[in-house]
Structures are given as C-alpha cells and as structure tokens.
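Since the structure comes first, as structure tokens, the remarks are kept for the end.
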Amino acid sequence: MAQALFFDALVAWQRRLGRHHLPWQGTRDPYRVWLSEIMLQQTQVATVRPYYERFVQRFPDVRALAQAESDEVLAHWSGLGYYSRARHLHACARLVVQEGGRWPGSAAELQRLPGIGASTAAAIAAFCFGERVSILDGNAKRLLARLLAFGGDLAHAPTQRTLWQQAQGLLPENASATDMAAYTQGLMDLGAQICTRSKPRCPECPVAALCLGLAQQRVAELPHKSRRSPRRLEDWWLLLLRRADGAIWLQQRPPRGIWAGLYAPPVLATQHAALQAPPGARAGHAPTLHPVISHSLTHRELRLHLVQWQWAADAPEPVWGPGRWLLSVGQPPVALPAPIRTWLLEHLPPAAGAGTGFEV
DNA sequence: GACTCGTGGGA
DNA sequence: TTCCCAAGAGT
C-alpha cells in the first residue's frame with residue numbers, strides 16, 4: 001500500500017480533527033510526556049486525567065518526584081492500578097536526576113529506563129524529539145491490523161514484532177519532527193475515536209480508501225487475538241482491628257504481588273485464622289462479619305471477607321507490622337487499594353472539622 | 001513464551 | 001452476567 005499517503009492523511013486528519021487539549025498535550029517537556037505515557041499504560045484517558053492533574057500539582061518536575069518518599073508517590077497512584085508502574089516511575093525519576101536531570105535523547109536509550117518499554121519509549125521520543133519511531137499500543141495494533149488486513153494472532157510475541165516492522169515501514173524516510181508528533185498522536189486519536197473496537201466509524205475515517213481490512217470486509221474480525229485469561233476464585237480474610245476512636249490498623253503489603261507496597265488490613269489465608277481473637281483484641285467481644293466484597297482483577301476474582309475486632313484500649317501496637325493506624329483516608333493521602341479505600345470511606349469516622357469536602 | 005500485575009467502562 | 005480491553009512492561 002502507499003505508505004506516504006497513509007502518513008500524510010493521518011497527519012492532516014490529526015491536525016484538523018484529532019485531540020489537542022488533553023492535560024499532557026501542548027508541551028514537549030519529557031517529564032510530563034513520560035508521566036502521562038506511564039499512567040496511560042492499559043488505562044483509559046478519562047481515568048488518568050484526574051490522577052495526572054493531582055500528580056503534576058504535587059510533583060511538578062522530575063526533581064520533586066525523585067525527592068519524594070515512595071509512600072507518597074504510591075499514595076498519589078492509589079486507585080489507578082498496576083502499582084509497579086509507580087515503583088518504576090519513582091526509580092526512573094531518581095535515575096534521571098542522578099544524570100543531572102537530563103533525559104535520554106532517543107527511544108533506544110529511553111527504553112533502558114525502568115517502566116519504559118518499546119511503545120512508551122517510542123511515544124516519548126516521537127512527541128518530545130520527533131524521532132522517526134513507531135508506537136504499537138492497543139490503538140495502533142487495532143488500527144494497523146485493520147488497515148493492513150493483518151490477521152496474525154496478536155497474543156503471540158513474534159506476530160507483534162512483525163506488525164511493529166510493518167508499522168515502522170509506514171514512516172516516510174524524511175518525516176519531519178513535527179509530523180512525527182502529529183502522526184503518533186494521530187494513531188492514538190484515530191484508534192480512540194474512529195477505529196474503535198466495536199462499531200468503528202469507517203465512513204468518517206480519513207484513510208478508509210487505503211484500508212485493506214475494509215476492502216476485504218474483515219474489519220469486524222480484526223485484530224485477531226487468542227487466549228483469554230482464566231480467572232481463579234480466591235477468598236481473602238481481612239483482619240479489621242478497630243480502635244475505640246474508630247481508627248483501623250493497616251499493614252504495608254509485601255513488595256511483590258497484588259497491591260505491592262500499599263496499605264491494607266492484614267490478610268489471613270483461612271476463615272479459621274480470622275475468627276481467632278488476635279492478641280490485643282478486647283476480651284469477651286465477638287468479631288463483626290461485614291458483607292463480602294467481590295473484587296475482580298485481571299487473573300483473579302477476590303472475595304474479601306472483612307472480620308472486625310475491637311482493639312483493647314490498653315493494648316500495645318498490633319504485632320502485624322510495619323503498619324499504621326488510619327483515622328481518615330483524606331489528608332495526607334494514603335496508598336490504599338481501591339476496594340479498601342471504598343470501604344474505609346464508608347466506615348471510618350467523619351473527619352475532624354468535617355466539611356472541607358476534600359476527604360477523598 | 002507464558003504469567004503476572006488493577007481498575008473501570010462498555011457491549 | 002460475563003467478557004474484553006484500555007497510550008504495556010517486567011519477570
């Protein structure tokens with residue numbers, strides 16, 4: 001197919017009808033572009049927007065981020081998911097600051113930094129430096145699979161590499177820096193607005209005349225991806241130690257696995273263990289069993305059983321550590337898993353001096 | 001290569 | 001309800 005026609009048509013369309021007012025646009029500051037790309041990994045624009053705004057307000061540049069405590073960085077990521085992104089983000093910021101605050105100037109070098117893979121590196125390099133490299137995010141995969149009538153199974157890595165080579169081949173040798181930025185944004189915008197997963201708006205597509213998938217009437221079946229994740233069911237027993245003033249004991253989770261590094265009630269493996277009065281509980285008081293919370297992750301379906309015990313006024317700190325008592329989820333922000341945050345918002349006592357309206 | 005890692009939205 | 005998946009990367 002005619003590569004130059006596609007590139008030029010997409011650039012022109014992006015300038016006229018693409019998105020230009022997202023919070024992370026209108027800058028070539030690698031810090032902001034990088035931050036947005038990390039947040040947008042596997043996460044929709046509408047979800048990211050408020051997180052991005054809060055994050056840049058608190059951490060306006062890479063030095064501010066590098067100097068922050070990891071707990072506070074995680075707290076600002078709380079609810080966004082895939083928390084290893086926040087850990088890598090923080091490590092990456094410290095590496096960049098170590099290098100005098102200078103970012104690598106190419107996609108190949110960017111990709112060596114933690115949390116930056118091939119597609120994110122290409123996005124940053126194209127937006128900030130106009131480098132002639134192609135992204136291959138979910139939008140680009142879907143769009144290019146249809147455009148090229150590429151029927152390979154995208155669940156397989158070799159197939160993705162092939163598509164990436166095709167994507168790279170669509171870039172004109174003499175593509176300018178500003179065109180590369182518009183083109184890269186165009187891939188994302190066309191995928192998000194026109195070449196959508198279901199009900200693509202082909203009549204409005206600026207490259208419909210070039211689309212092999214459309215010509216072959218295969219748009220609905222492309223892209224092809226096998227394998228769906230089996231989701232196994234797990235029961236977690238959460239120990240809610242409640243102090244007389246309403247505070248709840250939270251324990252920092254281990255550095256690997258689900259909710260790594262976040263704060264949550266201690267998790268016990270069995271119902272039996274959760275129903276044994278923990279040391280420090282008020283004698284003679286039975287536990288309260290709260291309604292089960294169902295929470296689904298990519299590979300698991302969690303059933304969270306919350307078992308609440310009253311904490312004796314004269315008891316020492318709980319033996320489960322490191323941890324902390326929590327009276328309010330508001331200020332300062334705390335790194336909580338989403339379902340735990342939701343539950344605490346309903347069950348913690350109203351904030352002292354309530355009515356500020358910023359408890360979330 | 002196959003798994004793992006969150007959360008919310010849409011069909 | 002159930003499934004897919006969204007500006008993917010690390011192990």
Side-chain angles (χ1 to χ4, degrees), chain A residues 18-19 22-25 32-52 74 77-89 91-92 110-127 134-143 153-161 164 181 184-193 195-200 220 223-233 253-262 264 293-302 304 335-342:
Chain A
R19 294 173 290 185
L22 295 170
W24 42 86
Q25 291 183 303
R32 298 199 170 209
V33 173
W34 162 70
L35 173 62
S36 71
E37 290 302 328
I38 302 297
M39 285 189 165
L40 287 160
Q41 288 169 1
Q42 301 289 281
T43 311
Q44 295 184 352
V45 166
T47 303
V48 165
R49 192 188 285 261
Y51 281 88
Y52 177 85
L74 257 188
W77 208 273
S78 171
L80 197 52
Y82 283 151
Y83 297 100
S84 65
R85 291 185 294 174
R87 184 163 41 86
H88 290 136
L89 187 88
C92 182
L110 284 165
Q111 200 179 337
R112 297 198 199 106
L113 293 169
I116 302 182
S119 188
T120 299
I124 298 170
F127 285 138
S134 179
I135 59 168
L136 193 63
D137 65 344
N139 288 313
K141 288 177 193 170
R142 184 175 58 253
L143 190 163
D153 186 351
L154 291 180
H156 288 95
T159 310
Q160 287 207 43
R161 282 194 288 273
W164 214 315
T184 302
Q185 187 65 49
L187 285 177
M188 298 170 171
D189 292 350
L190 195 63
Q193 299 182 345
C195 198
T196 49
R197 177 161 62 99
S198 58
K199 298 182 185 176
H224 171 57
K225 187 187 291 186
S226 67
R227 187 178 71 200
R228 43 181 156 270
S229 54
R231 188 179 283 165
R232 62 177 183 277
L233 181 63
R253 292 186 51 79
R256 296 181 188 282
I258 292 176
W259 302 334
L262 274 66
I293 299 173
S294 290
H295 185 73
S296 64
L297 295 75
T298 306
H299 295 91
R300 308 185 213 198
E301 178 74 29
L302 300 184
L304 305 178
L336 301 170
I340 303 301
R341 175 176 299 274
T342 300

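The chains referred to below are lettered A, B, ... by the order of the sequence lines, with proteins before strands, and numbering in each begins at 1. Please read all numbers here as calculations on a predicted model, not as lab measurements. Excluded from the calculations below are hydrogen atoms, water molecules and symmetry mates; all remaining heavy atoms, backbone and side chain alike, are included.
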Give a yes/no answer on whether the side chain of [X] brings an N or O atom under 4.0 Å of OP1 or OP2 in [N].
X: Ser119(A); N: dA9(C); answer: no
X: Arg300(A); N: dC5(B); answer: yes
X: Tyr82(A); N: dA6(C); answer: no
X: Arg142(A); N: dA6(C); answer: yes
X: His295(A); N: dT7(B); answer: yes
X: Gln41(A); N: dG8(C); answer: no
X: Trp259(A); N: dT7(B); answer: yes

[X] near the nucleic acid: base, sugar-phosphate alone, or nothing, with a heavy-atom cut-off under 4.0 Å?
X: Leu187(A); answer: nothing
X: Leu80(A); answer: base
X: Gly79(A); answer: sugar-phosphate
X: Ala118(A); answer: sugar-phosphate
X: Ser296(A); answer: base
X: Arg19(A); answer: base

*asked:* Under a 3.5 Å cutoff, is there a donor and acceptor pairing between the side chains of Gln185(A) and Asp189(A)?
replied: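 A pair is found: one side chain offers a donor N or O, the other an acceptor, under 3.5 Å apart.
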*asked:* Is it true that Ser294(A) and Glu301(A) share a donor-acceptor pair across their side chains at a distance under 3.5 Å?
replied: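 There is no such pair between these side chains.
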*Closer to the 5' end of DNA chain B via nearest nucleotide, is it Ser84(A) or Pro158(A)?*
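Upstream on the strand: Pro158(A).
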*Hey, which of these two, Thr47(A) or Arg232(A), hits DNA chain B nearer its 5' end, going by closest nucleotide?*
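Closer to the 5' end of DNA chain B: Arg232(A).
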*asked:* Could you measure the distance from the OG atom of Ser36(A) to the CD1 atom of Ile124(A)? Nearest 0.5 Å is fine.
replied: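 Ser36(A) OG to Ile124(A) CD1: 8.0 Å, rounded to 0.5 Å.
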*Smallest separation among heavy atoms of Pro337(A) and Tyr83(A), with atom names*: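 Reported closest heavy-atom pair: CA-OH, 4.5 Å.
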